[in-house]
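Bear in mind that the values here come from a model prediction, so they are computed numbers and not experimental data. All chains are named by letter (A, B, ...) in the order of the sequence lines, taking the proteins before the strands, and each is independently numbered beginning at 1.
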There are 2 protein chains.
Amino acid sequence: MSTGPKQALYSEFAAIGRALGHPHRLEMLEHLGQRERGVEALAQRVGLTVANTSQHLQHLRRAGLVKSRRQGKFVLYSLADESVTTLLGALFQVGERNLAEVDRVLRGYFSERDSMEPVTPEELLERTREGLVTVLDVRPPDEFAAGHLPGAINIPLSELEERVGELADGREVIAYCRGPYCVLSFEAVAALRERGIPARRLEDGLPEWRAAGLPLEEA
Amino acid sequence: MSTGPKQALYSEFAAIGRALGHPHRLEMLEHLGQRERGVEALAQRVGLTVANTSQHLQHLRRAGLVKSRRQGKFVLYSLADESVTTLLGALFQVGERNLAEVDRVLRGYFSERDSMEPVTPEELLERTREGLVTVLDVRPPDEFAAGHLPGAINIPLSELEERVGELADGREVIAYCRGPYCVLSFEAVAALRERGIPARRLEDGLPEWRAAGLPLEEA
DNA sequence: GCTACATTCAATTTATCGCTTGAATGTTAT
DNA sequence: ATAACATTCAAGCGATAAATTGAATGTAGC
C-alpha cells in the first residue's frame, strides 16, 4: 500500500463518507441545513444525549461537513457550505435510483409522492411573479425566521388547521419545509386539499433552494 | 427512536455513506468509472486479494453504487449509473473546499494544479470544433477502447516519450485521464511542456465527461 | 457427469464505532 | 474570584467492519 497522493486523498474523502454513514448524523445535517444550532437544541431535536450529539458533531466537523462558532456560552454549528447540501442531494439521488428499499419506503409512506406532482423552483418563481400562488412555509417559526422563500408566509403544521382561513383566497398553495423527505409539507398539502384548497408541494426544501443560489429572505 | 419513514430512509442513505467510507472502495469506483471489470482484473489494479475485492464489491452493490452482470465465467461490475459519478464529484468538492489536509496534499503533489489552468469541457468542445487542439487520452488502451472523447488519440503515459512526435504539429494538446486526481494527465502535461509542446489538462476525467452527458465515442 | 476456474461464503482476528457515564474545560454573570 | 452552565473529554462496553484463510458455489467446456 503505497502512500501516494491518491491514497492520501481517498483516505480523506473516505472520512467524509464515514461521517455520512450514520442516520443520526444525516438527520443532524438536515436540521443544520435550516439554521445554525447549539449542541443542546440539536440534541433535543434528534433525541440524543448532549454528549452523544457533541461527539457526532465533532465527527462531522472533522470531516468538513459542519463548522462551528462560539457565541457566549454556546457553540453554534452549521453546515460548512452549500457544497454539503449538494452532496446530500447527490446521496439521496443515488439512493432513490438504485436502492429498492428506498423506493419501497417512499411508496409506502409518501404514496402521494407520485400523484402530487411536485412543483419545481422554476415554476414556483414564475407563478409567484404572476401572483398566482401562495408560498407556504410549514416549518417552526425560528427556522422560518432564519431564512425563507421570498414572500412566503409561515404557518407551522401544528397551527395549520386553525389558521387555514388565511389561505382561503382561491389561489393555489405551494408548501415546502426542510427537504425532500420532510413530512411536514406532505401533511400540509394533504390537510389543505381535504379542505378544498388547491395545494402542491415544492419538490425540495429550503436548503436545496439556498444551495441553488435562488433568492431568499434572510434574517 | 421511532421507526418512521425518515429514519428508514436515513438508514438506507447512511449505508451508502458507509460504502463510500473506505479508500479502497473509492479507488475501485474510480476504476469502475472507466469501464466494467471482472473481480480479478479489479483486484489486480487496486492491489487487493480477490476475496477481499469481492467483499468490497458486494458492499458497494448493497449500497446501490455498483451493479453486476454475469458473462460466462466472469462477473462484470460497473457503476450503477451516472448519479454515482455525480455523488463522487460532490464528495470531492466538499473535501477540497473544507478539509485542510486535502488542500495540503493537492498543493504538495499537484503543485502544477494552480499554474496549469485546467481546460473546461466547454472550452475543449469549442476549440475542438475549430480544429485548434489535439485531445490526448493517456489511459491504458483497454479503457480508451471502452469509451473516449470524440476525436481523442490514445497514447498511454508509458509510451508518451517515444511517441511524442505524433503530437508535434504545433497544436495545443489537451490531456485527460481517469478523473480529477488521476496523476496520468498531470505527468503527461509536464512531459509535453518539457519538450516544448504546449499542453494543458482537462479539468475532469472521462467519467465526469460522461456524467455531464457530453458526446462520447463508445465501443 | 466431471474437471477447471471465477467468484462467493464462512469463520476468525483485530480494529474502530456508537453510546453511556462521570469528570474536565472554558465562558458568563454575580 | 467564584458559581453556574454549555460543551467537551476520557474510559468502558457491546456491536460492527476489515482483512485473512480455507472451503463452498456455480458456470464452462469437454
**Asked** Given dC9(D), is OP1 or OP2 found less than 4.0 Å from the side-chain N or O atoms of Q58(A)?
**Response** yes

**Item:** Out of dT8(D), dA6(C), dA11(C), whichever nucleotide has its closest atom nearest the side chain of K73(B)
**Value:** dA6(C)

**Request:** Quick one: sort the F144(B) and H148(B) rings into parallel, tilted or perpendicular, breaks at 30° and 60°.
**Result:** parallel

**Item:** Selected nucleotide, minimal atom distance to E40(B) side chain, candidates dC19(C), dT7(C), dA6(D)
**Value:** dT7(C)

**Asked** When the distance from CZ of R25(B) to P of dA18(D) is rounded to whole Å, what number comes out?
**Response** 4 Å

**Request:** Find out whether the Lys NZ or Arg CZ of R201(A) is both under 6.0 angstrom from the six-membered ring centre of F186(A) and within 45° of the ring's axis.
**Result:** yes

**Request:** Please check the phosphate of dA19(D) (OP1 and OP2 only) for any side-chain N or O of H22(B) closer than 4.0 Å.
**Result:** yes

**Q55(B) CD - dA6(C) P separation (whole Å)** = 19 Å

**Prompt:** Out of dA11(D), dT8(C), dG22(C), which has the shortest distance to the side chain of A51(A)?
**Reply:** dG22(C)

**Fill in**
Whole-Å distance, L60(B) CG to dA17(D) P, equals 14 Å

**Prompt:** Within the pair S54(A) and dT8(D), is there a side-chain N or O less than 4.0 Å away from OP1 or OP2?
**Reply:** yes

**Message:** If you compare every side-chain N and O of Y77(B) against the phosphate oxygens of dA6(C) (OP1, OP2), does one of them come in below 4.0 Å?
**Reply:** no

**Complete:** When rounded to whole Å, the CZ to P distance for the pair R70(A) and dG26(C) reads 9 Å

**Y77(A) side chain to S54(A) backbone, donor-acceptor under 3.5 Å** = no

**Item:** Nearest-angstrom distance from the residue atom CG of L48(A) to P of dT7(D)
**Value:** 14 Å

**Request:** Supply the atom-to-atom distance E208(B) CD to L214(B) CG, rounded to the nearest 0.5 angstrom.
**Result:** 11.5 Å

**Fill in**
Result for 5'-nearest mapping on DNA chain D, choosing between T49(B) and A41(A), is A41(A)

**Request:** Let me know the distance between CZ of F74(B) and P of dC5(C), rounded to the nearest Å.
**Result:** 11 Å

**Asked** Which whole-number value in Å describes the distance from R61(B) CZ to dT7(C) P?
**Response** 12 Å

**Prompt:** Just to confirm, is there a sub-4.0 Å distance from OP1 or OP2 of dA18(D) to any side-chain nitrogen or oxygen of N52(B)?
**Reply:** no

**Request:** Give a yes/no on whether any side-chain N or O of R18(A) is located under 4.0 angstrom from OP1 or OP2 of dA17(D).
**Result:** no

**Prompt:** Think H56(B) has a side-chain N or O under 4.0 angstrom from the OP1 or OP2 of dA17(D)?
**Reply:** no

**Message:** For E96(A) and Y181(A), which I'm curious about, is there any donor-acceptor pair between the side chains at under 3.5 Å?
**Reply:** yes

**Request:** Return the value, rounded to whole Å, for the distance between atom OH of Y10(B) and atom C1' of dG18(C).
**Result:** 20 Å

